[in-house]
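Reading through the structure tokens given below for one structure.
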Amino acid sequence: MRIAALADLHCNNTSHDWMRPLIMQIAQSADVLLLCGDLIDYGLPEEAMVLAKEISSLKIPVLAVLGNHEFESGKPDEVKRIISDAGAVVLDGDAREVGGVGFAGVKGFGGGFGERALSPWGEETVKRFVHEAIDEALKLESALARLRSETRIVLLHYSPIQATVVGEPAEIFPFLGSSRLEEPLNRYPVTAVFHGHAHHGTPEGRTKNGVPVYNVAMKLLQHVFPDHPGFRIMEIPQSLESRHNE
Ligand SMILES: [Fe+2]
Ligand SMILES: [Fe+2]
């Protein structure tokens, strides 16, 4: 199975021109497409319609998580419905199996990494901020627990590790992800993790337990993969797939 992954398309009303060739190239290169959030720019339903039109032309399964930009206009449910009606499966603490490969997805949240991560201490607002990340990590954990496949792929928008946000200004690291998202990745046998949000981050890193983490923000990938500008391809070996089907 060839998995194409990308994030941070930031589609708006004028994106048809560059989206069409991108979607066509994905259709020729992959068996499943993962969209890791910030699919549209201001969270507007009309932007989602632009994306939906392109997605609906794809014959391969599309799995997605929302990003922070999908929330900007206060209409994430409407945006989710438009994208879902176009055939994409939007994961929010959900798990799906496609061709014997398991996928778990959640948006995630910020809060920072390692010992310097924000703690739920002091003002109520700080506690709420931290609990948002904890809740997202719990949703990811329960999605992973539901998967029975040998291969488990995770979609996030925010990063679970610091390594793949390096390249961004250090001052904004805490807004780009949270180590709390890493905990479930180390508790379950996860094959690979894809995320976006850090447009100027680093393409690859690993969790403490060695799980590969890929930052698939489109701008970043346009420089890294000239053959597949804007998306990343990962191949799941045939032997693993056939074992799932037994
Ligand atoms: Fe983004
Ligand atoms: Fe984002």
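Being a predicted model, the structure only gives us computed values, none of them experimental. Order of appearance sets the numbers: ligands from 1, and atoms from 1 within every ligand.
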Is there a donor-acceptor pair closer than 3.5 Å between any side-chain N or O of Thr151 and the backbone N or O of Val101?
no
Does His197 use its side chain to pair, donor to acceptor, with the backbone of Phe175 at less than 3.5 Å?
yes
What are the two closest non-hydrogen atoms of Ala198 and Ala217, and how far apart are they?
O-CB, 3.9 Å
Would you say the side-chain atoms of Glu136 pair up with the backbone N or O of Gly110, donor to acceptor, closer than 3.5 Å?
no
What class does the angle between the rings of His69 and His10 fall in, given that below 30° is parallel, 30 to 60° is tilted and above 60° is perpendicular?
perpendicular
Proximal protein heteroatoms (N, O or S) of the Fe ion (ligand 2), under 2.8 Å
Asp38 OD2, Asn68 OD1, His157 NE2, His197 ND1
Kindly say whether Phe109 contributes a backbone atom to a donor-acceptor pair with the side chain of Ser178 at under 3.5 angstrom?
no
Find, among atoms of His199 that are N, O or S, the one nearest to the Fe ion (ligand 1), and state its name.
NE2
